[in-house]
Amino acid sequence: MKAQDLLAPFWLTSAFFVSAASAESTAPIPFNFRIELRAPSAVSALLEQHLEIFALRNSPRNSSEQLNHLIENVPNAVTSLVETEGYFNSKTTARLESRNGQNTVFIDVDLGPFAVIKDAQQYVSGGITENPERLQILQRRFTSRADELIDERFTQSAWDELKRRSLASFIARDYPASQISDSVATIDPIKNTAHFRIDIDSGPAYVFGGTTIRGLKHFPEYLVLDRVQIEPGQGYRRNDLIDLQTELQNMPHFSSVLVDVELSQTEPFEAPLTIDVQESPLNRVTTNLGYDTNTGAQVGVSYRYLNLLDRAWVFNSDLRLTQKEQSAGIGVTLPRGRDGWENGGNLRYLRSDIQGLQSETYRTGLGRNKLEGNIERYITVEYLTETRELNDGTSNNPKSLTGNFKWIQRNLDSKKNPRDGYMVQAEIGGASSHLLSDANFLRLYTNGVYYQKVGREGVLMLRLELGDTITEDATNVPTDWLFRAGGVGSVRGYAYQSLGVDMGGSVAPGKVLATSSIEYQHPVVKDWRAAIFFDYGSAAEDWQNLEPVGGVGVGARWNSPLGQIGADLAYGLDARKVRFEFAMGLAF
């Protein structure tokens, strides 16, 4: 073999890299440029977001010809954009300067004065003219909205919002076929004024018609019909449709619901309801893993069946195991009736070993609940038997047939991440020794939480909890009807349920409870807040022996998609110990 044959691969490789380098050196250099925008802050962000020249400044396909074309269009594009903000006398110049190989586009914008809204008129035609009382109400609403705009700067968004809200007022009640027949915003660029006119044709007045349900496969039709409180012949109300859709969507039987109407085009002008539903899977198994400093690591599984006995009854069962508590239960819930009440029954078992008190509880009962607006009501009757033992061997077996009424009101800006509003809960219940119970007792309980925004993103939270079980002998009252305190959601800095009555080397529940918290949360980064708090309270045998303790600390709050998750470092002022308080769970 000749030497040149041995060197052939080397020459071929070298030729490849040389040709590649040559091609790279002859590739066109990207035409880059920077932009210097000199415009008032009122419109600079708008221009940077929507002007095409900003989007293409770093494009590898730029060229001087393309850039010159964009520069020519800048003044017209700026004019169109700033007019949406009320500036109709703007002047814009754009030019390209190249110095030392650096290309810079200078854009200078002089907005001039803005246009001021001087008046707004609404003209109405259609069937509503035969209903002067309703027409007068809508005209007053329009006048009120228009008065808020007079002498304010014109913006396209304000004009669009006035049209949207004006039409929505007509559609909301009696006149769902309403439409804007004409709308004009007249701009006088010399006087810098804006004049609005909206023409609305209400169409005829409609009443609700019959109901058609589509999409049911497994569930009986009355499951939906019992939710429909809209009678044929009743005047059309948009909110009635929204309320019905919300109620159906909140039922476990349906994964999606759409409630709408079909408007007849001839007399009688009726709006029959159409309800399209998509059923949820009949069977559902959920497992969960978690940890909190109250009860430790936990694992659980639950099973739900949505059509027991082919009557849309909901069967639920669950098993939950934690380091300190183990529970299991089954229950059946009937669909909510036309009166708004939901009825059900359950059988449950709970075993716990907390602060030296070992307890086994069996309970069975019936309950009903009703939701009206932001108020929930619960009525329950349960038979409960418990076996509990203290560390010193003392044990007893209280039994009770109890009745309880619970009332909850929520007025929150968000259930998952509340920053404004309040929640109040109140309960009253008890048992009689004449009705399958070992003791007479009456239990009173209330809990309230108040949220207040501080500044733009800060949140102040105040909580107060009070309880009193009135009885002569607490030893024959089940643990669930008495009180202990401490841990997450109570007095932080003290172990879970460690505040109560010291008895037999254990912490037994007392007859009275009082706890409170004040906490401030401040944003740190997206979805995260830092917190500082002070908790105060305790539980005791009676009010004379109540000795409240305090806990202070700092923490972090993560506003996760499932709700707020918190972690705290709390110092018990009386215990003189630092405790880490944490709660996290995952369902799948």
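In this chain, residues are counted from 1 in sequence order.
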Item to complete: Would you sort out whether D292 and V488 count as a side-chain contact (heavy atoms from CB on, under 4.5 Å), showing the intermediate values?
Response: CA-CA 9 Å; D292 67 55; V488 176; 5.9 Å; no

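- A salt bridge links D318 with R348: the closest approach of a Lys/Arg side-chain nitrogen to an acidic carboxylate oxygen falls below 4.0 angstrom.
- Looking at E325 and T295, their side chains never bring a donor and an acceptor atom within 3.5 Å of each other.
- The number of heavy-atom neighbours closer than 6.0 Å to CZ of R311, taken from other residues, nucleotides and ligands shown, is 12 or below.
- Looking only at side-chain heavy atoms (C-beta outward), F315 and N307 stay at 4.5 Å or farther from each other.
- Under the 3.5 Å distance criterion, with hydrogens and angles disregarded, a donor-acceptor pair is assigned to the side chains of R368 and N343.
- Y206 pairs in a ring-ring contact (aromatic ring centres under 6.0 Å, His included) with only one of the listed residues (F269, F170, Y236), which is F269.
- Here CD1 of I230 is found 7.0 Å from OG1 of T211. Values are rounded to the nearest 0.5 Å.
- T246 places a side-chain N or O within 3.5 Å of a backbone atom of I242 that can act as its donor or acceptor partner.
- The main-chain N or O of D226 is found under 3.5 Å from a side-chain atom of Q229 such that the two form a donor-acceptor pair.
- Listed for the T469 side chain is no donor-acceptor partner under 3.5 Å among the backbone atoms of V512.
- Using a cut-off of 4.0 Å between Lys/Arg side-chain N and Asp/Glu carboxylate O, E541 and K511 are scored as salt-bridged.
- S359 and E386 form a side-chain donor-acceptor contact under 3.5 Å, judged by distance and modelled atom types alone.
- At least one side-chain heavy atom of L244 sits under 4.5 Å from a side-chain heavy atom of L273.
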Practice prompt. Show the numbers, then the answer: is there a side-chain contact (heavy atoms from CB on, under 4.5 Å) between D527 and W558?
Written response: CA-CA 6 Å; D527 297 329; W558 176 41; 4.0 Å; yes

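- Figure legend: cation-pi geometry between R363 and Y383 absent, as NZ or CZ is not positioned both under 6.0 Å from the six-membered ring centre and within 45° of its axis.
- The closest side-chain donor-acceptor pair between Q249 and E247, if any, does not fall under 3.5 angstrom.
- Ionic pairing of E279 and K217 is not present here: no N-O contact between side-chain nitrogen and carboxylate oxygen is shorter than 4.0 angstrom.
- Without hydrogens or angle criteria, Q245 side chain to V259 main chain gives a donor-acceptor distance under 3.5 Å.
- Here R237 pairs with D174 in a salt bridge; the nearest charged N to carboxylate O distance falls below 4.0 Å.
- Of the N and O atoms on the side chains of N396 and R388, at least one donor lies less than 3.5 Å from an acceptor on the other residue.
- Between the side chains of Q425 and E427, at least one donor N or O sits under 3.5 Å from an acceptor N or O.
- No salt bridge links K370 with E342; every basic N to acidic carboxylate O contact stays at or beyond 4.0 Å.
- A salt bridge links D535 with R492: at least one charged nitrogen is closer than 4.0 Å to a carboxylate oxygen.
- With contacts defined as side-chain heavy-atom distances shorter than 4.5 Å, the pair M461/Y451 qualifies.
- Residues N346 and T364 approach most closely at O-OG1, 3.1 Å, considering heavy atoms.
- Counting heavy atoms from C-beta outward, L282 and F219 have side chains that approach closer than 4.5 Å.
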Discussion item. As a quick check of understanding, evaluate side-chain contact (heavy atoms from CB on, under 4.5 Å) for Y291 and F582, giving each step before the final call.
Written reply: CA-CA 8 Å; Y291 177 84; F582 179 70; 4.1 Å; yes

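- Counting only distance, with no hydrogens or angles, the side chain of S437 and the backbone of L401 share a donor-acceptor pair below 3.5 Å.
- Proximity of a side-chain donor or acceptor of S178 to a complementary backbone N or O of Y175 within less than 3.5 Å is detected.
- Salt bridge annotation for R377-E372: present, with a cationic side-chain nitrogen under 4.0 angstrom from a carboxylate oxygen.
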Item to complete: Dump the intermediate steps for salt bridge (charged side-chain N to carboxylate O under 4.0 Å, His left out) on K324 and D353, then the final yes or no.
Response: CA-CA 5 Å; K324 298 180 180 180; D353 186 354; over 6 Å; no

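- Relative ring orientation between Y536 and F534 is described as parallel, the plane-to-plane angle staying below 30° on a 0-90° scale split at 30° and 60°.
- The backbone N or O of G493 lies less than 3.5 Å from a partner atom in the side chain of E581, making a donor-acceptor pair.
- Salt-bridge formation is detected for the pair R557/D568: a Lys NZ or Arg NE/NH1/NH2 atom is positioned less than 4.0 Å from an Asp or Glu carboxylate oxygen.
- Closest heavy-atom contact between R484 and V507: NH1-O, 2.9 Å.
- Between atom OG1 of residue T380 and atom CG of residue N369 there is a gap of 10.5 Å, rounded to the nearest 0.5 Å.
- The shortest side-chain heavy-atom distance between P252 and L306 falls under the 4.5 Å cut-off.
- Scanning both residues, G504 and L390, for their nearest heavy atoms gives O-CB, 4.4 Å.
- Here the side chain of Y378 pairs no donor or acceptor atom with the backbone of I408 at under 3.5 angstrom.
- Between E376 and K406 there is no salt bridge, since no side-chain nitrogen of the basic residue lies less than 4.0 Å from a carboxylate oxygen of the acidic one.
- Atom CD1 of I375 sits in a crowded spot, with more than 12 heavy atoms from other residues, nucleotides or ligands closer than 6.0 Å.
- Summarising the geometry, atom CZ belonging to F483 is positioned 13.0 Å from atom OG belonging to S538; distances are rounded to the nearest 0.5 Å.
- The aromatic ring centres of Y349 and Y362 sit less than 6.0 Å apart.
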Fill in: Audit row: N283, Y303, side chain to side chain donor-acceptor pair (under 3.5 Å) steps and yes/no
CA-CA 7 Å; N283 298 279; Y303 168 71; 2.4 Å; yes

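- With hydrogens and angles disregarded, a donor-acceptor distance shorter than 3.5 Å links the side chain of D413 to the backbone of D420.
- Taking CG of L347 as the start and OG of S317 as the end, the distance is 11.5 Å to the nearest 0.5 Å.
- Partner of S490 under the side chain to side chain contact (heavy atoms under 4.5 Å, CB included) criterion, chosen from T515, L499, L513: T515.
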Worksheet item: Are R320 and Q298 close enough, and set up right, to give a side chain to side chain donor-acceptor pair (under 3.5 Å), and what steps lead you there?
Response: CA-CA 7 Å; R320 180 174 178 266; Q298 65 177 356; 2.8 Å; yes

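- Using modelled atom types and a 3.5 Å distance limit, the side chains of T387 and E360 yield no donor-acceptor pair.
- Residue V578 comes nearest to Y571 through the heavy atom pair CG2-CD1, 3.7 Å, listed as atom of the first residue, atom of the second, then distance.
- Rounded to the nearest 0.5 angstrom, W528 CH2 and I565 CD1 are separated by 8.0 Å.
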Worksheet item: Is there a side-chain contact (heavy atoms from CB on, under 4.5 Å) between V261 and L241 once you walk through the steps?
Response: CA-CA 9 Å; V261 293; L241 301 180; 3.8 Å; yes

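- D240 and Q234 form a side-chain donor-acceptor contact under 3.5 Å, judged by distance and modelled atom types alone.
- Among all heavy-atom pairs drawn from P509 and L482, the shortest one is CB-CB, 3.5 Å.
- Side-chain contact of Y445 with D468: a donor-acceptor pair under 3.5 Å is absent, judged by distance alone.
- Side chain of T287 to main chain of V301: no donor-acceptor pair is present (N/O by atom type, distance under 3.5 Å, no hydrogens or angles).
- Of all the heavy atoms in R338 and V228, the pair that sits closest is NH2-O, 3.5 Å.
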